[in-house]
Number of protein chains: 2
Amino acid sequence: MADLRRKTGPSRPLGELTEALRRGERRVTGPRLAILQVLREHRRPLSNKEVLALLPQGYCDLATVYRSMHLLRRLGLVQRFDVGDGVARHELRDAGHDGHHHHLVCRRCAQVVAIDCCLLEEVERELSRHSGYQALQHRLEFTGICPDCQQR
Amino acid sequence: MADLRRKTGPSRPLGELTEALRRGERRVTGPRLAILQVLREHRRPLSNKEVLALLPQGYCDLATVYRSMHLLRRLGLVQRFDVGDGVARHELRDAGHDGHHHHLVCRRCAQVVAIDCCLLEEVERELSRHSGYQALQHRLEFTGICPDCQQR
DNA sequence: TCGGGAGTTGCAAACGATTGGCAGTAGAAT
DNA sequence: ATTCTACTGCCAATCGTTTGCAACTCCCGA
């Protein structure tokens, strides 16, 4: 099996991100740029509250973070993840990569390891053939106890 | 690849379920029995609201369904599923089977197909070796458009 | 069969994440 | 600079889920 750990690719330049906004007939605003900047600096799944906390003090409203994240997802700039705790998280997609990947999350400290390769494309094809379902997608997240936490 | 579709196994007899309750030093009450009965009759992931609606009119409180479902999960009688819409669903586990399986859900009508075999045990072993994480678990759900919905 | 105490329940209020309304603000095209 | 809208802040509403508390009931022992 290939190495499962993921080498994080280059972050898209901000210009390319704002370009995507314009293409979608959306405006490039202060809050959106700031949120993109936070996502560029922290390449791991962030909740909207975390994003807000990482922005300059009182910079924008939580509702704006939610709305921006919806937009960024529609434009394909971020990917959403659910770990099952009822909180949605988002991560910036890599340039030149469809961004699809999975995570291994520590159940104690929430440390995250990204998993590069997706092993389920073949499975999806088979599943589609057997079930008749089309346009298959999947969500897959692993949890475990990370090395640090094992020693406590 | 083996047939991915799942042949639903025999449902545990109610007696075995109440036995599990007693073993856990928990009481066999009316609401709990009724909830188990609903889960036995509908072998697919049900939200707590759906369970409540399937109970006799005004039979018990939604809070009781939530509390019972927590208990049943702790006792290992039900498995929890997340499709990503922010609503937890539960399904009764089969007898003599650890109950671990996945689903293929239609994004339009929410029809569910259960997938019997789990293909990720080998992946988990490799992942554990590479990452150092232990006690790995995973959550995996597929979505797609079911044959009926494709024709509309 | 009859208490009695611990586990359960119903009800309502509390909670946390997310969404919606609305009036004021600010991109960006002209 | 003007103007048209998209966007934002503020706040209330919504939704799934949890919790506090008093009343209730299951179940064991007498």
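By convention in this document, chain letters (A, B, ...) are assigned in the order of the sequence lines, proteins followed by strands, and residues within each chain are numbered from 1.
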Under the 3.5 angstrom rule, does the side chain of A:Arg73 hit a backbone N or O of A:Gln79 as a donor-acceptor pair?
no
Interatomic distance where CD belongs to B:Glu50 and P belongs to D:dC15 [whole Å]
16 Å
Closest nucleotide among D:dT19, D:dT17, D:dC27 to the B:Arg67 side chain:
D:dT19
Return yes if some donor-acceptor pair links the side-chain N/O of A:Glu50 with the main-chain N/O of A:Ser47 below 3.5 Å, else return no.
yes
In whole angstrom, what separates B:Asn48's CG from C:dT9's P?
14 Å
Once you round it to whole Å, what is the distance between P of D:dT18 and CG of B:Leu62?
10 Å
I need the CG-P distance between B:Asp82 and C:dA17, as an integer number of Å.
16 Å
C:dA26 phosphate, OP1 or OP2, under 4.0 Å from A:Thr29 side-chain N/O
no
Scan nucleotides 2-6 of chain D against the protein and return all N/O pairs shorter than 3.5 Å with their distances rounded to 0.1 Å.
residue, atom, partner, partner atom, Å
D:dT5, O2, A:Arg27, NH1, 3.0
D:dT5, O2, A:Arg27, NH2, 3.2
D:dA6, O4', A:Arg27, NH1, 3.2
D:dA6, O4', A:Arg27, NH2, 3.3
D:dA6, N3, A:Arg27, NH1, 3.3

Output the single nucleotide from C:dG10, C:dA17, D:dG9 whose closest atom is nearest the side chain of A:Val87.
C:dA17
Which is true for A:Ala63 with a 4.0 Å heavy-atom rule: it touches a base, it touches only sugar-phosphate, or it touches nothing?
base
Listed by chain and number, what are the side chain to side chain contact (heavy atoms under 4.5 Å, CB included) partners of A:Asn48, not counting sequence neighbours?
A:Leu62, A:Val65, A:Tyr66, A:Met69, A:His90
Check against side-chain hydrogen bond (donor to acceptor under 3.5 Å, both in side chains), B:Glu91 and B:His103
CA-CA 11 Å; B:Glu91 188 176 341; B:His103 294 105; 2.8 Å; yes
Distance alone, cut at 3.5 Å: any donor-acceptor contact between the side chains of B:Glu124 and B:His138?
yes
Under 4.5 Å between side-chain heavy atoms, hopping through other hydrophobics if needed: is there a path connecting B:Val38 to B:Leu71?
yes
For a quick test of reading the model: is some side-chain N or O of B:Tyr66 closer than 4.0 Å to OP1 or OP2 of D:dT17?
yes
Rounded interatomic separation in angstrom, taking NE2 from A:His90 and P from C:dA17
14 Å
Euclidean distance, atom CG of residue B:Asp61 to atom C1' of D:dC24 [Å, nearest integer]:
14 Å
Side-chain N or O of B:Thr64 closer than 4.0 Å to phosphate OP1/OP2 of C:dT9:
no
Check whether any side-chain N or O of B:Ser68 sits under 3.5 Å from a backbone N or O of B:Thr64 as a donor-acceptor pair, and report yes or no.
yes
For the pair made of OH in B:Tyr59 and C1' in C:dC11, what is the distance, rounded to whole Å?
18 Å
Interatomic distance, A:His70 NE2 vs C:dT18 C1' [rounded to whole Å]:
7 Å
